**Student:** 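Dropping a structure here in structure tokens format, bear with me for questions.
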Amino acid sequence: MITFDRVTYTYPHAPRPALHDVSLTIDESDFVLVIGASGSGKSTLLRCINGLVPHFYGGQFGGRVLVDGRDTRDHEPRDLAGVVGFVFQDPEAQMVVEVVEDEIVFGMENLGVPAPVMRRRVEEVLDQLEIAHLRHRRVTTLSGGERQRVAIASALALQPRVLVLDEPTSQLDPHAAEEVLTTLQKLNADLGLTIVLSEHRLERVVQYADRVILCERGHDGLPRVRIDAPRAILAASHLAPPLVALGRALDWQPLPLTIKDARRFVVRQGLDLPTDHRESLPAQRESSPNNARLPHAGTAVTQPALSVRHLHVSRGGRDVVYDVSLDVNAGEIVALMGRNGSGKTTLLRAIMGLIDARGVVTAGGRVLNDVPTEDRAQLIGYVPQDPRALLFHETVIDEVRWTLRQQRDRLTAAAIEQQARATLALLGLESVAERHPRDLSGGEQQRVALAAILVADPQVLLLDEPTRGLDYDNKQRLVALLESLRQRGRAIVLVTHDVELVAAGADRIVLLGNGEVVVDGTPRELLNSSIIFSSQIGKLFRHRPWLTVREALAGIDEQ
């Protein structure tokens, strides 16, 4: 179905190729997972399949890509639209009309699909992706996760023979992600649809893959691509979900890819016998203030770094956030979780004064209700879901310098430069300092936006989906960074669907549902007892309080 024949590609003005001498074949009805670090060439490889590379992006292209016998050098993306459906990493990039139902119909109209067929397909994809309730909504009112499902529905409605998806679950809550991936697997199994999908959260999707394509850079700096069975790739790659990392550490053979596989080892080796939780907790985790239960609002002995009281946000005649009260103390990391559309992003935007809201917001002891957004930014750093909203300079280093010049007027030019470079180094961005931010991968843009905010050292930090587009190595780097900020007394609020991030780094979880606070507790209290919001290790060890690989290994060693 898809053949790459010695493909080498370099973006315009790029110092080195994004793909180098790639040769591989994807058979019809294959389910192929593409993995690799941020900036390793995953998105570029996907863009070759529908002709976006080189027709849209330009640059230097060598070799050839054949899709269902069509040479992409001779067929532009519009010529391949009936064969290849494409879902971008950023769903907003492919939305062209205002209403959800019209967005789904748009592609079919351009291909001349008869009206009765269009109506049937619309109903099918709305039901498949459980978004029938969104059909009359305006696209601009949707959450990031809702837009992602609409983008997938629009691609599926064309009934392509190949479906290419660039991180399709990056903004979805665990349940929605599972529903989407189950739908894709069903389409693959029942209809023979060829699926090529890139993803950083391998724990969600690796069990569905027939083969895995690994994109990485060699010691010479050139990109390398290899394709093999999932176990063969993950056995040696540093990119491994928690379950695989645990299996490798304990030498489980064959390497388990699912909870079902791993439970056999756990039961056989007697690793999950019910015991008193206090006896099985690793000492460093039990004694850490990171998991201490914090006082409820009104009982804290110190003033919260951030306080929200009775916050209401109404949009389109409905309450999106309803009577939310929340305290975040200095030196605390709070994770806001909940299904897509539950009001998480809206709450952050209301705190920043980006949308109208009723209620009281206090930061650093100062009531912010009448304070404009630009002044709130002196106290609160905010990284939105779409990092490009913060990126408007010609180079990465200029993005960071600009923040310091706005907020640190007394700094010398030398001090600004030193602090800017140090922040880039902290986030592993030294090598792209002189690159244009818009030329970077989604994960790299996410880190640049974070750097542009962190360099000002705000007392309160609001991060909306900070692991979107991040590989495992950079996620670990983020966890370490958040921990260092916590130890320095910063108050941090994360909006995230990344359960593994929450298990590794959060002090507290606030779960939202329909715009209200449903529950407030520690990760151990909530993740261990949750069916949906649970880490892989939490699901694996049902009678243990372990949430991460580190905790499991320490507990097993003690046992």
Side-chain angles (χ1 to χ4, degrees), residues 1-7 18-37 40-50 53 63-69 72 83-87 89 155 160-169 177 180-218 223-241 243-245 247-248 252-258 260-262 471-472:
M1 177 58 73
I2 302 168
T3 299
F4 282 71
D5 182 13
R6 294 172 296 175
V7 172
L19 298 175
H20 177 70
D21 198 27
V22 176
S23 292
L24 59 86
T25 299
I26 297 173
D27 296 329
E28 186 166 5
S29 302
D30 265 359
F31 194 124
V32 177
L33 173 62
V34 183
I35 69 173
S40 62
K42 301 185 303 299
S43 295
T44 304
L45 185 119
L46 298 186
R47 292 166 185 165
C48 288
I49 297 175
N50 76 334
V53 168
R64 65 175 183 163
V65 178
L66 299 177
V67 181
D68 194 26
T72 61
V83 179
V84 181
F86 200 98
V87 179
Q89 187 177 30
R161 297 185 61 191
V162 179
L163 185 60
V164 179
L165 307 102
D166 196 354
E167 294 198 48
T169 71
V180 166
L181 291 170
T182 299
T183 298
L184 294 178
Q185 192 226 7
K186 186 175 178 62
L187 290 168
N188 174 253
D190 294 351
L191 302 179
L193 179 65
T194 302
I195 294 176
V196 185
L197 178 154
S198 76
E199 184 61 70
H200 281 301
R201 299 181 195 177
L202 307 187
E203 62 271 15
R204 289 181 167 180
V205 68
V206 70
Q207 64 267 31
Y208 301 123
D210 299 311
R211 290 189 293 167
V212 172
I213 296 174
L214 174 63
C215 299
E216 56 188 354
R217 290 202 175 269
R224 297 281 186 266
V225 171
R226 67 186 182 100
I227 184 169
D228 208 333
R231 282 189 176 88
I233 294 287
L234 295 180
S237 173
H238 64 286
L239 299 171
L243 188 65
V244 171
R248 291 197 315 210
W252 287 345
Q253 298 295 334
L255 196 63
L257 301 181
T258 66
K260 178 180 177 180
D261 292 339
D471 57 71
Y472 286 110

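Here the structure is a predicted model, which means the values were calculated and not measured.
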**Student:** Where the side chain of Asp210 meets the backbone of Phe31, is there a donor-acceptor pair that is under 3.5 Å apart?
**Tutor:** yes
**Student:** Tell me the closest heavy-atom pair linking Tyr208 and Gln185, and the distance in Å.
**Tutor:** CD2-CG, 3.7 Å
**Student:** Specify the closest pair of heavy atoms between Gly36 and Leu214, including all atoms of both residues, with the distance to one decimal.
**Tutor:** CA-CD1, 4.4 Å
**Student:** Report the C-alpha distance between Leu66 and Asp5 in whole Å, list the side-chain angles of each, state the deciding distance to 0.1 Å, and finish with yes or no for side-chain contact (heavy atoms from CB on, under 4.5 Å).
**Tutor:** CA-CA 8 Å; Leu66 299 177; Asp5 182 13; over 6 Å; no
**Student:** Do Glu167 and Arg201 touch side chain to side chain, with heavy atoms closer than 4.5 Å?
**Tutor:** no
**Student:** Distance from Arg231 atom CZ to Asp261 atom CG, nearest 0.5 Å?
**Tutor:** 5.5 Å
**Student:** Output the distance between atom CG (Asp166) and atom CG (Leu46), rounded to the nearest 0.5 Å.
**Tutor:** 5.0 Å
**Student:** In this structure, which one of Val206, Leu202, Val212 forms a side-chain contact (heavy atoms from CB on, under 4.5 Å) with Ile233?
**Tutor:** Val212
**Student:** To the nearest 0.5 Å, what is the distance between CD1 on Ile49 and CE on Met1?
**Tutor:** 11.0 Å
**Student:** Tell me the closest heavy-atom pair linking Ser237 and Ala240, and the distance in Å.
**Tutor:** O-CB, 4.3 Å
**Student:** Just verifying a value: how many Å separate Cys215 SG and Leu45 CG, rounded to the nearest 0.5 Å?
**Tutor:** 5.5 Å
**Student:** Would you mind telling me which of Leu193, Val84, Thr194 makes a side-chain contact (heavy atoms from CB on, under 4.5 Å) with Leu163?
**Tutor:** Leu193
**Student:** Nearest 0.5 Å please: distance from the NZ atom of Lys186 over to the CG atom of Leu181.
**Tutor:** 15.0 Å
**Student:** Restricting to non-hydrogen atoms, name the atom on Leu184 and the atom on Leu197 that form the minimum distance, rounded to 0.1 Å.
**Tutor:** CD1-CD1, 3.8 Å
**Student:** Under 6.0 Å from the CZ atom of Arg6, do we count more than 12 heavy atoms belonging to anything else shown?
**Tutor:** no
**Student:** Is the closest side-chain heavy-atom distance between Arg224 and Ser40 below 4.5 Å?
**Tutor:** no
**Student:** Please examine the side chains of Val162 and Asp68, heavy atoms only from C-beta on, and report whether any two atoms are closer than 4.5 Å.
**Tutor:** no
**Student:** So do the side chains of Leu243 and Leu257 get within less than 4.5 Å of each other, counting heavy atoms only?
**Tutor:** no
**Student:** Could you tell me the separation between the CG atom of Leu239 and the CD1 atom of Ile35, rounded to the nearest 0.5 Å?
**Tutor:** 5.5 Å
**Student:** Minimum heavy-atom separation for Leu234 and Pro241, please, with both atom names.
**Tutor:** CD1-CD, 4.4 Å
**Student:** Report yes or no: does Lys42 contribute a side-chain atom to a donor-acceptor pair with the main-chain N or O of Ala37 at less than 3.5 Å?
**Tutor:** yes
**Student:** Could you tell me if the side chain of Ile26 sits less than 4.5 Å from the side chain of Ile213, heavy atoms only?
**Tutor:** yes
**Student:** Quick one: side chain to side chain donor-acceptor pair (under 3.5 Å) pairs with a partner in residues 20-35, sequence neighbours left out?
**Tutor:** Glu28-Arg161, Asp30-Arg211
**Student:** Quick check: closest heavy atoms across Ala155 and Pro160, and the distance to 0.1 Å?
**Tutor:** O-CD, 3.4 Å
**Student:** Is Arg47 reaching over with its side chain to a backbone N or O of Val53, donor-acceptor style, under 3.5 angstrom?
**Tutor:** no
